[in-house]
Q: 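I'd like to ask some things about the structure below.
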Protein chains: 2
Amino acid sequence: MTSRGAGPIYQRIADDLRARIQSGELGAGAKLPTEQALTTDFGVTRATVRQAMQVLVNEGLVVSERPRGHFVRQIERLTYRPQKEWRDRPAHPELDQFMDEQVELGRKPSQTIAVELAAPPTDVAARLGLAGTDTVVVRKRVRYLDGTPFNTNDSYFPLELVQGSEIMHPADIGRGANQVLAELGAEQTHAVDEIEVRMPTPDEASRLEIGLGVPVAMHRVTGYTDDGRPVRVVRNVLPGDRHLIAFERTRPTKTEKDDKQ
Amino acid sequence: MTSRGAGPIYQRIADDLRARIQSGELGAGAKLPTEQALTTDFGVTRATVRQAMQVLVNEGLVVSERPRGHFVRQIERLTYRPQKEWRDRPAHPELDQFMDEQVELGRKPSQTIAVELAAPPTDVAARLGLAGTDTVVVRKRVRYLDGTPFNTNDSYFPLELVQGSEIMHPADIGRGANQVLAELGAEQTHAVDEIEVRMPTPDEASRLEIGLGVPVAMHRVTGYTDDGRPVRVVRNVLPGDRHLIAFERTRPTKTEKDDKQ
DNA sequence: AAGTGGTCTAGACCACTTG
DNA sequence: AAGTGGTCTAGACCACTTG
């Protein structure tokens, strides 16, 4: 199925190295031959070898650790469960369910919190029913486990709703922002989840220390009150090499099924 | 926040073009300046300009349409609802819920089906409780809308379970493979969903006509019978530029919540 | 001090569209 | 026929680790 021996030289070099990685000859973390070695092996100039390396780096298979060389990427994914937010009450609400699960596994969590007033990004404005000229309060968090960033969690609230509340202070909210919203008369009973898969923006890449060839999942949650008013949009950015998104389903009974139709 | 004017020349050229794209000066589908034009604009060689272009291509912002030039990528995402598989009975089960929704919007669906006997990939073997030396039946489908591929759907079944059944024929199963499994005494009542975000393999890229800078979501479903036996693993590969994954939640009542704890 | 990958120049030939 | 991006050569200097 896969065409071998075809195409430009740099593709054939990339194919050769990729095969050696997938066969296990070059395992996770293994050092690849140096660019110098590859130029003599394949009888091409360094530019051509570098083009082959770029292919593998952009596939997320290889990382460059300058000036030590190129290495096979090692991936370890932690399980992220979007359903759990409302299922179980987290022991540390502000750290939330994801971090909570990791703490139990003995990892050390930490986070940074910043609060800003800003114009809403287009996707947020659309979901909160705001104009681009309105103002939103944004709580921006970066969450770390054992010192490495795992995801960002940016919550957007309409200014008029949270004005003067605890949500505007850049500190941990012990009982959680959702509880504060409820106290402000905006209890959420319903949420819409969306996941968008793309390459990170340069800002996201630097905030999350994301290398080349690693995409992100943007998990967006819009929370609604009982009467259908959107009161909160959260954007979680999850680097693809660090997360496995998981959820569960039970088959509805025949009766439920018929109800839905 | 974003460091400007820093770093290598090609990064500054990429930053400049990215800013023009994000400001809307270069809108979706717009043609970028030619490499030739950029060499004179920035006073560098073509290799440096090409390095800048590569950055934008790998971010998924720009596509090369040789030999017409480079263009700002246009994205249109269709909504994929993993929850719906069991919620509503699709009008065309084999095309499934996702396609069904698009047909209602006037799009023309089509698909290819191939059936293979193979050793299970590691992730499938682990989930079906099989050894690498066992054999699985794989139904491989590519689904198209208006002629462009939208996703692949590969279903893995233990050979001993589906041996001789309709599942082994490379044709549409009117009532759906899940129904056939139920008739074979393996009705599924529970499923685990996992989503993995990464760059496509070369095979996936060619099956789905995925360009540079476009990641995929791999949505994996493991279906279990009432007594907890895994009988089916499905791998759906969704190109990030064509899908928005959506699901909904309702907050459990206080009582339900306490039950869970 | 030696070895690594990162950046950049200068130039050549090619394949593929489009006018 | 002209213009575009794709591929490749040959060479230079650099920054950053590690022994």
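Reminder, nothing fancy here: chain letters follow the sequence lines and each chain counts from 1. Note that the coordinates shown come from a computational prediction; the quantities given were computed from them, not determined experimentally.
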Q: Stems in DNA chain D: runs of 3 or more consecutive Watson-Crick or G-U pairs, distances under 3.5 Å?
A: C:1-18 with D:1-18
Q: Would you say the side-chain atoms of B/Y156 and B/R235 include a donor-acceptor pair closer than 3.5 Å?
A: yes
Q: Summarise protein proximity over nucleotides 6-13 of chain C in one line of letters, 5' to 3': B for base, S for sugar-phosphate only, - for none, counting protein heavy atoms closer than 4.0 Å.
A: BBSBS-B-
Q: Is the count of non-hydrogen atoms from other residues, nucleotides or ligands lying under 6.0 Å from A/L244 atom CG greater than 12?
A: yes
Q: Assess the side chains of B/N153 and B/Q111: does a donor N or O sit below 3.5 Å from an acceptor N or O?
A: no
Q: What is the distance from CD of B/E65 to C1' of D/dT4, rounded to the nearest Å?
A: 12 Å
Q: Could you work out, with ring-ring contact (aromatic ring centres under 6.0 Å, His included) as the rule, every residue matching A/H70, not counting sequence neighbours?
A: none
Q: Hey, which of these two, B/T34 or A/R68, hits DNA chain D nearer its 5' end, going by closest nucleotide?
A: B/T34
Q: Would you compute the distance between atom CZ of A/R77 and atom CD of B/E196 and round it to the nearest 0.5 angstrom?
A: 4.0 Å
Q: What residue among A/R141, A/R207, A/R139 forms salt bridge (Lys or Arg N to Asp or Glu O under 4.0 Å) with A/D154?
A: A/R207
Q: Could you measure the distance from the CE atom of B/M199 to the CD1 atom of B/I210? Nearest 0.5 Å is fine.
A: 8.5 Å
Q: Is the ring centre of A/F247 less than 6.0 Å from the ring centre of B/F247?
A: yes
